[in-house]
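These notes concern the structure reproduced below.
In what follows, chains are A, B, ... by sequence order, proteins preceding strands, each numbered from 1. Worth knowing before you read on, the calculation uses all heavy atoms, side chains too, and leaves out hydrogens, waters and symmetry mates. Since the model is a prediction, treat every value here as computed from it, not as a measurement.
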Amino acid sequence: MPELPDVEVFKRYLDATSLHREIAHAMVRQSRVLRCAPSTLRRNLEGERLTGTRRHGKHLFAAISNGRWLELHFGMTGHLKAFQKQEREPAHVQLRLDFTDGWHLAYVNTRLLGRLDVVHDPQAVILELGLGPDALDLDLGEFRELFEGRRGMVKPTLMNQDVLAGLGNVWTDEILFQARLHPETEIPDLSDDDVKRLFATMRRVLREGMEHGVDPEELPDGYLLVRREEGADCPRGCGGSVERITVSGRAGYYCPRCQPRS
DNA sequence: AGTACCACCTGACGGC
DNA sequence: TGCCGTCAGGTGGTAC
């Protein structure tokens with residue numbers, strides 16, 4: 001689930017529920033998501049407040065009142081859950097902030113594929129991980145440059161976080177479907193018109209995803225992501241049916257009729 | 001540089 | 001009901 005639109009929704013959720021509240025206690029579960037000692041998390045959070053958030057691709061950073069940042073990555077199954085004292089805590093909580101006013105914020109992650117850390121500087125983390133620009137923080141010219149001198153297929157390229165940060169399997173399929181590009185289209189075969197259309201589609205789809213992604217039912221008509229199964233009717237209503245394809249070891253879905261090979 | 005494949009974890013789902 | 005194989009939207013390493 002957690003790709004750029006989902007992480008942006010988490011960011012807004014954290015902003016709305018957990019900023020400027022004093023952290024009385026931090027419960028840290030020892031697990032592989034931790035990139036630092038549990039005591040480091042506790043020491044940097046207890047008695048402090050979260051004061052703001054930043055997102056880059058699928059990474060979320062929450063500013064701590066001591067000048068450091070809490071880094072959160074959600075892997076495949078991570079999310080945030082705010083709740084009050086009397087509510088039951090969700091399962092698989094890896095980090096829980098207990099605020100002095102009785103509210104809690106939990107980082108929940110079932111499959112433990114994410115990461116939690118306390119860092120000095122988000123920008124340094126982005127550099128260290130070699131992340132490309134955020135998919136919503138570049139203009140057409142910069143987007144065009146991403147493809148220059150590059151070989152390979154468009155789907156794995158868009159999903160490559162070193163090239164462009166934020167797109168995962170599901171939203172990449174969605175963007176390619178709506179831009180009518182076959183997932184295996186070779187980068188050098190993209191026309192300038194294709195690149196322009198891809199850029200505009202990516203921005204629109206990601207924005208719509210952020211506004212409605214929490215509830216796919218609310219997405220505008222014609223979205224592929226609500227029909228990710230072999231043989232489903234093409235959401236665009238072209239009369240074709242959705243097919244499954246494996247690209248770079250990842251299962252992808254597309255409509256061969258709307259997205260012909262070039 | 002690009003791609004395929006495995007691994008890391010846990011849970012859901014379908015077949016028997 | 002239960003066991004087993006398969007698959008899942010992320011990343012990271014290895015080998016070709």
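Using a 30° and 60° split on the angle between ring planes, A:His182 and A:Tyr254 fall in the perpendicular class, above 60°.
Note that CG of A:Leu146 is 9.5 Å distant from CZ of A:Phe199, once rounded to the nearest 0.5 Å. For the atom pair CD1 (A:Ile64) and CG (A:Leu50), the distance works out to 6.5 Å, reported to the nearest 0.5 Å.
Taking atom CD1 on A:Ile187 and atom C1' on B:dA1, their separation rounds to 13 Å, with Å as the unit. For A:Leu158 and C:dG10, the CG to P distance is 13 Å, given to the nearest whole Å. The distance between atom CG of A:Leu129 and atom P of C:dG12, rounded to the nearest whole Å, is 6 Å. Nucleotide B:dT10 holds its P atom 14 Å from the CE atom of A:Met76, rounded to whole Å. In this structure, the CG atom of A:Leu176 is 15 Å from the P atom of C:dG9, given to the nearest Å. To the nearest angstrom, P of B:dG2 lies 16 Å from CD of A:Glu184. Rounded to whole angstrom, the span from the CE atom of A:Met159 across to the P atom of C:dA8 amounts to 12 Å. Look at CZ on A:Phe10: it is 16 Å from P on C:dG9, rounded to the nearest Å.
When base pairs are accepted only as Watson-Crick or G-U wobble with both N-N or N-O distances under 3.5 Å, DNA chain C takes part in stems of 3 or more pairs at B:2-8 with C:10-16, B:10-16 with C:2-8.
A sub-4.0 Å separation between OP1 or OP2 of B:dC9 and a side-chain N or O of A:His92 is absent. The side chain of A:Lys58 contributes an N or O atom lying less than 4.0 Å from OP1 or OP2 of C:dT11. A close approach under 4.0 Å does occur between a side-chain nitrogen or oxygen of A:His73 and OP1 or OP2 of C:dT11.
The side chain of A:Arg115 approaches C:dG12 more closely than any other nucleotide in the set C:dG9, C:dA8, C:dG12. The A:Val170 side chain lies nearest to C:dG9 when the options are B:dG2, C:dG10, C:dG9. The listed nucleotides are C:dG9, B:dC9, C:dT11; the one nearest the side chain of A:Arg32 is B:dC9. Closest contact between the side chain of A:Glu3 and the listed nucleotides B:dG11, B:dT3, C:dG10 involves C:dG10.
Using a 4.0 Å cut-off between a side-chain N of Lys or Arg and a carboxylate O of Asp or Glu, A:Arg144 and A:Asp192 qualify as a salt bridge. With salt bridges taken as basic N to acidic carboxylate O contacts below 4.0 Å, none links A:Asp98 and A:Lys85.
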Q.
Pair A:Glu211, A:Arg12 - check salt bridge (Lys or Arg N to Asp or Glu O under 4.0 Å), show working.
A. CA-CA 11 Å; A:Glu211 301 314 319; A:Arg12 294 175 188 180; 3.5 Å; yes
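Taking the six-membered ring for Trp, A:Tyr107 and A:Phe74 have ring centres closer than 6.0 Å.
Residues from residues 244-260 of chain A placing a heavy atom under 4.0 Å of any atom in DNA chain C, listed by number, are A:Arg244, A:Arg250, A:Ala251.
C:dG9 and B:dG2: their C1' atoms are spaced 22 Å apart (whole Å).
Paired with A:Leu167 under the rule side chain to side chain contact (heavy atoms under 4.5 Å, CB included), one option of A:Asn160, A:Thr157, A:Asp173, A:Thr172 passes, and it is A:Thr172.
At a cut-off of 3.5 Å, with distance as the only test, a side-chain donor of A:Ser191 or A:Asp194 sits close to an acceptor on the other residue.
For A:Arg150 against B:dA1, a side-chain-to-base donor-acceptor contact under 3.5 Å is absent.
Under the 6.0 Å distance and 45° angle rule, A:Arg236 counts as a cation-pi partner of A:Phe177.
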